[in-house]
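First comes the structure, then the notes that go with it.
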Number of protein chains: 2
Amino acid sequence: MNTAAGSSVARRKAQWSTVEEIKQYILELRLHPGDPLPTETELCEALGVSRSSVREAMRTLSSLDIVEVRHGHGSFVGGLSMSPLVSGLIFRSVLDSEGDLRTLREVVDLRIALDLGTAEELVELHRGGPPRDDLRGLVERMRQHTARGEGFAEEDGAFHRELLAGLDNTIVRQLVSALWEVHTEVVPKLGLPPARDIDKTVEAHEAMLDALEAGDVEAYRTAVADHYQPLLTAIEAAVASNSATPAAPREARIS
Amino acid sequence: MNTAAGSSVARRKAQWSTVEEIKQYILELRLHPGDPLPTETELCEALGVSRSSVREAMRTLSSLDIVEVRHGHGSFVGGLSMSPLVSGLIFRSVLDSEGDLRTLREVVDLRIALDLGTAEELVELHRGGPPRDDLRGLVERMRQHTARGEGFAEEDGAFHRELLAGLDNTIVRQLVSALWEVHTEVVPKLGLPPARDIDKTVEAHEAMLDALEAGDVEAYRTAVADHYQPLLTAIEAAVASNSATPAAPREARIS
DNA sequence: CGCTATTTGTACGTATGTATA
DNA sequence: CTATACATACGTACAAATAGC
């Protein structure tokens with residue numbers, strides 16, 4: 001009955017459809033991240049498509065972090081994280097690294113906008129609350145690392161993550177973490193040197209903390225701007241030195 | 001020599017490797033969005049992997065909008081847009097629609113934070129500039145639609161898009177547009193009713209515009225908050241009515 | 001520890017729809 | 001309209017990882 005390629009009626013656009021059907025399956029069963037999904041074979045006969053089609057659909061959903069697939073174990077509902085955004089922004093940042101580092105600068109500007117935009121709510125949140133000794137400690141460790149000439153990426157990440165911890169908005173927190181991740185992953189890929197006036201960054205962290213505990217929104221906004229200034233000037237400096245060496249496109253390994 | 005499955009040395013981890021190699025290919029040739037890529041057959045022999053692996057890799061990159069594949073034509077470098085973020089957030093919003101509409105509310109809060117965080121730069125940008133007659137016209141058309149009892153999604157989207165048009169930050173503009181898209185796509189999917197006090201939203205748009213042209217940052221921030229208030233109360237109302245009908249999980253079409 | 005069953009990952013061949021020239 | 005190039009889908013076989021015995 002069926003030819004080797006299957007009936008011509010049923011294979012109109014299995015690709016797009018399969019992705020949507022698997023999404024519908026998750027929605028209609030009200031599954032949560034981590035819940036198990038049917039095996040690929042089961043999905044094949046349930047949806048009436050070949051295994052290749054199911055696999056490509058699962059790959060699509062997997063790259064969007066809607067499903068997570070573990071080799072030799074099974075497939076599960078994914079974490080619905082910001083990882084696709086991170087991948088895309090990293091690639092985009094490295095791609096336009098030839099010229100003006102535009103994407104990287106825009107990522108920093110977006111981080112600034114988010115810190116400014118959450119300022120009022122964050123200050124309000126800390127009004128009357130206990131002092132943030134945890135953030136104080138992180139700033140102190142930053143200072144120690146700087147004194148030894150070391151970096152403090154770990155503490156910086158923890159600071160910005162913990163800063164927004166009380167914010168009751170998962171997406172904002174995830175987005176801020178994602179943008180921090182983009183920044184810290186891209187900078188070494190491009191071989192950018194760390195900022196010269198790195199001690200100013202430590203002071204700015206402390207100023208943000210002071211303003212937060214003092215309940216001073218305007219001082220907080222100023223401290224945020226000061227905090228990102230070294231990063232922006234480092235990017236500008238890199239652009240200036242890059243424009244001297246235009247960096248012609250290398251030969252591709254694939255010919 | 002080679003078995004049907006290929007030499008066991010060359011096929012260690014083709015999956016992960018293939019997407020990275022294709023990304024490297026784009027990076028090393030400094031390709032731009034729209035530039036053509038090798039055909040799948042060429043990529044197969046260049047990377048030494050099978051067609052299936054190349055196809056799955058291309059699917060991954062395609063869903064991240066790093067490559068764009070046109071049926072029967074070829075593959076090209078993608079637009080590097082925010083579409084994966086949109087897909088993920090829409091799915092996430094619909095998934096947790098059972099209870100508190102948490103994701104949808106968080107998306108609105110993120111939009112507020114972005115409008116607040118760009119307020120200062122936006123006001124500064126318009127200082128001394130010409131009045132925004134284009135935005136004025138959009139508000140007027142909103143008012144007309146409201147008088148006829150119609151919606152004004154088109155004008156609303158254009159307003160928020162044009163508002164940030166002068167911002168010299170592509171990522172911020174794309175993110176704001178993406179979040180607007182998430183909101184307008186999710187609301188009908190969940191069957192949420194439009195806000196009651198929709199005329200307040202029109203007034204808030206006008207107030208934002210007034211504050212912008214007056215150079216008053218604080219008034220602009222207040223107008224932004226007023227603008228989103230009807231949306232937030234509509235979400236709260238939907239949550240209240242949802243909690244009455246818990247909406248048990250339906251049967252999945254796939255068994 | 002090894003064995004086995006289950007499940008995902010890779011490879012290859014082939015047929016077919018689709019867009020371009 | 002025909003021809004060509006290309007992506008899409010199916011089926012099958014085998015490799016690799018994981019879990020449980």
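Predicted model, so just to flag it, every value in this text is computed and none were measured. Note that these values count all heavy atoms, side chains included, but never hydrogens, waters or copies made by symmetry. Note on naming: letters A, B, ... go to the chains in the order of the sequence lines (proteins, then strands), and numbering restarts at 1 for each one.
- Here D:dC1 sits opposite no nucleotide as a Watson-Crick or G-U wobble pair (both hydrogen-bonding atom distances under 3.5 Å).
- Rounded to whole Å, atom P of C:dT6 lies 14 Å from atom NE2 of A:His73.
- The residue A:Arg51 sits close to a base: some heavy atom pair falls under 4.0 Å.
- Sorted by first and then second residue, the ring-ring contact (aromatic ring centres under 6.0 Å, His included) pairs involving residues 160-179 of chain A (not counting sequence neighbours) are A:His160-A:His205, A:His160-A:His227.
- If you take CG on A:Leu175 and CD1 on A:Ile171, they are separated by 9.0 Å, rounding to the nearest 0.5 Å.
- Put simply, CD on B:Glu68 is 14 Å from P on C:dA19, counting in whole angstrom units.
- Under the side chain to side chain contact (heavy atoms under 4.5 Å, CB included) criterion, B:Asp109 pairs with A:Asn169, B:Arg105, B:Ile112, B:Leu232, not counting sequence neighbours.
- Comparing A:Ser50 and A:Gly72 along DNA chain D, the residue whose closest nucleotide (by nearest heavy atom) sits nearer the 5' end is A:Ser50.
- When the nucleotides C:dA11, C:dT8, D:dC6 are ranked by their closest atom to the side chain of B:Ser53, C:dA11 comes out on top.
- Comparing C:dT7, C:dT10, D:dC10 against the side chain of A:Val49 picks out D:dC10 as the nearest.
- Rounded to whole Å, atom P of C:dA11 lies 10 Å from atom CD of B:Glu56.
- Atom NE2 in B:His71 sits about 7 Å away from atom P in C:dA19, given to the nearest Å.
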TODO: Decide side-chain contact (heavy atoms from CB on, under 4.5 Å) for A:Val19 and B:Arg59; before the verdict, give the C-alpha distance in whole Å, the side-chain angles of both, and the deciding distance to 0.1 Å.
DONE: CA-CA 12 Å; A:Val19 175; B:Arg59 287 279 288 183; 3.7 Å; yes
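- Set against D:dA9, D:dC10, C:dT10, the side chain of B:Arg55 has D:dA9 as its closest nucleotide.
- When the nearest nucleotides of DNA chain C are assigned to A:Ser75 and A:Ser52 by heavy-atom distance, the more 5′-ward of the two goes with A:Ser75.
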